[in-house]
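Here's the structure, in structure tokens; my notes come after.
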Protein chains: 2
Amino acid sequence: MNIGDVSSRSGLPAKTIRYYEDIGLIKPHRSANGYRCFAETDLHKLAFLGRARALGFTIEDCRTLMALYEDESRASADVKQLALEHLAKIEEKIADLQAMRDTLGELVKGCAGDSRPDCPILKDLSGEV
Amino acid sequence: MNIGDVSSRSGLPAKTIRYYEDIGLIKPHRSANGYRCFAETDLHKLAFLGRARALGFTIEDCRTLMALYEDESRASADVKQLALEHLAKIEEKIADLQAMRDTLGELVKGCAGDSRPDCPILKDLSGEV
DNA sequence: TATGAGGGTTCCAGTCAGGGGAAGGTCAAG
DNA sequence: CTTGACCTTCCCCTGACTGGAACCCTCATA
């Protein structure tokens, strides 16, 4: 397969696939004309990466996950720990964003949103509380 | 005030303050020795920026917000619109993260986390569903 | 007077995960 | 033979800083 085929079959942009080769996540062969030549296993890896990235794992996490996946003697505890750490980061981000949303929501609620200059949002930002 | 003073009084790192000058958000004067020389109004602006950034506004949003703040004839509707758009982005991010959390949470729940290799997390990532 | 600590300055490079686009090689169809 | 769709490498760009090098300024102390 050429890169266009893997791209459409994996859903990943060609740029992303080249980048993943660049950082050593995949190692496709080359055809005589210099084109990348992907096997089914490469496609499988790319799909794996796409799903892991969609769950928010970092590239380095993905590298570790792939290594675990390929290691038949892995302990599921190692996978679970990585997932739990990632889950904790997600929870933290959610909490941060919710705090922003709550504060901002309150400010928006108090703002008339008309043609007058008086505005509690700016008032809060400027520190006049 | 020197940059160290504004840094501790605003809570922003000196690096960040220099960066804000670089991109034109503030324009402190200079002393004879070349040091930045901050007035109270600069400190006030930096505090404004710090609060806006803490609410997740982008730098460009902050630029707009500051301009609105300094424009006495602004309409609060403009501020409110900016805030509402930002709020919508926050909501979207929260929803994305919650979807990740839910999926990942399910996978983690199903993983024994022991010394055996069998792992539903890797199974899901590899597409064997 | 030297010197050392603790400010300050500029500039360059790196972060993360790719995206945009230029310049050029390859291949199948008309 | 040319056109158009692919493919290649290469370099710069993103946001919002952060780290570090190399150098300057000021003051207190030995």
Side-chain angles (χ1 to χ4, degrees), chain A residues 1-39 42-43 45-46 48-66 86 89-90 92-93 96-97 100, chain B residues 1-38 42-43 45-46 48-66 85-86 89-90 92-93 96-97 100:
Chain A
M1 280 176 284
N2 283 347
I3 200 167
D5 305 319
V6 235
S7 172
S8 56
R9 286 183 61 187
S10 69
L12 296 173
K15 277 274 187 188
T16 299
I17 298 172
R18 291 196 193 97
Y19 174 65
Y20 286 174
E21 182 188 15
D22 224 50
I23 62 175
L25 283 177
I26 51 167
K27 304 197 197 311
H29 291 115
R30 296 290 177 137
S31 306
N33 57 12
Y35 287 15
R36 285 170 187 81
C37 174
F38 296 85
D42 295 315
L43 181 58
K45 280 190 190 185
L46 287 169
F48 183 101
L49 290 169
R51 277 185 286 264
R53 291 285 300 127
L55 284 178
F57 284 104
T58 67
I59 291 282
E60 284 318 301
D61 283 346
C62 291
R63 203 186 293 277
T64 306
L65 286 169
M66 286 243 305
H86 180 44
K89 281 179 206 146
I90 292 178
E92 200 182 323
K93 279 188 199 166
D96 289 351
L97 286 169
M100 286 183 196
Chain B
M1 279 177 285
N2 283 346
I3 200 166
D5 306 318
V6 238
S7 173
S8 54
R9 287 184 60 188
S10 69
L12 296 174
K15 278 274 188 189
T16 299
I17 298 172
R18 291 195 194 97
Y19 173 65
Y20 286 174
E21 182 189 15
D22 225 49
I23 60 175
L25 283 177
I26 51 167
K27 304 195 199 312
H29 292 114
R30 295 291 176 136
S31 306
N33 59 11
Y35 287 15
R36 285 171 186 81
C37 174
F38 296 85
D42 295 315
L43 180 58
K45 282 189 188 183
L46 286 169
F48 183 101
L49 290 168
R51 278 185 287 263
R53 291 286 301 128
L55 284 177
F57 285 104
T58 67
I59 291 283
E60 286 316 304
D61 283 347
C62 290
R63 204 187 291 278
T64 306
L65 286 169
M66 287 244 304
E85 282 166 12
H86 180 44
K89 280 178 207 148
I90 293 178
E92 200 182 324
K93 279 188 199 166
D96 288 351
L97 286 169
M100 286 183 196

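Letters A, B, ... are given to chains in the order of the sequence lines, protein chains preceding strands, and every chain is numbered from 1.
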Give me the atom names and distance for the closest heavy-atom approach of B:F38 to B:I26.
CE2-CD1, 4.1 Å
Within the structure shown, what part of the strands sits under 4.0 Å from [X] by heavy-atom distance: base, sugar-phosphate, or nothing?
X	answer
A:R18	base
B:F57	nothing
B:I3	sugar-phosphate

Donor-acceptor pair (no angle test) under 3.5 Å: B:Y35 side chain, C:dG7 base:
yes
Taking C-beta and beyond as the side chain, do [X] and [Y] meet within less than 4.5 Å on heavy atoms?
X	Y	answer
B:K93	B:D96	no
A:D42	A:I17	no
B:M66	B:L49	yes
B:L55	B:I90	no
A:Y20	A:R53	yes
B:T64	B:F57	no
B:I59	B:I23	yes

Which two nucleotides bound the region of DNA chain D that has atoms under 4.0 Å from heavy atoms of chain A, read 5' to 3'?
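With heavy atoms of chain A under 4.0 Å away, the range is D:dC6 to D:dC10.
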Round to the nearest Å and state the distance from [X] atom [atom1] to [N] atom [atom2].
X	N	atom1	atom2	result
B:I17	C:dG7	CD1	P	14 Å
B:M1	C:dG7	CE	C1'	16 Å
A:R63	C:dA17	CZ	P	10 Å
A:K93	C:dC16	NZ	C1'	11 Å
A:I23	C:dG19	CD1	P	12 Å
A:I59	C:dA17	CD1	C1'	6 Å

By nearest-heavy-atom nucleotide on DNA chain C, the more 5' of A:Y19 and B:E21 is B:E21
Double-helix bend of the helix from C:dT1-D:dA30 to C:dG30-D:dC1, axes at both ends from 5 pairs, round to 10°, gives 40°
Taking only side-chain nitrogens and oxygens of [X], does any of them come within less than 4.0 Å of OP1 or OP2 of [N]?
X	N	result
B:R30	C:dT10	yes
B:N33	C:dT9	no
A:T58	C:dC16	no

Nearest-nucleotide 5' precedence on DNA chain D, A:D5 against B:R53
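Mapping each residue to its closest nucleotide by heavy atoms, the 5'-most match is A:D5.
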Among B:R18, B:H29, B:K27, exactly one meets side chain to side chain contact (heavy atoms under 4.5 Å, CB included) together with B:R36. Which residue is that?
B:R18
Inspect the contact between B:E92 and B:K89 and indicate whether a charged nitrogen and a carboxylate oxygen are less than 4.0 angstrom apart.
no
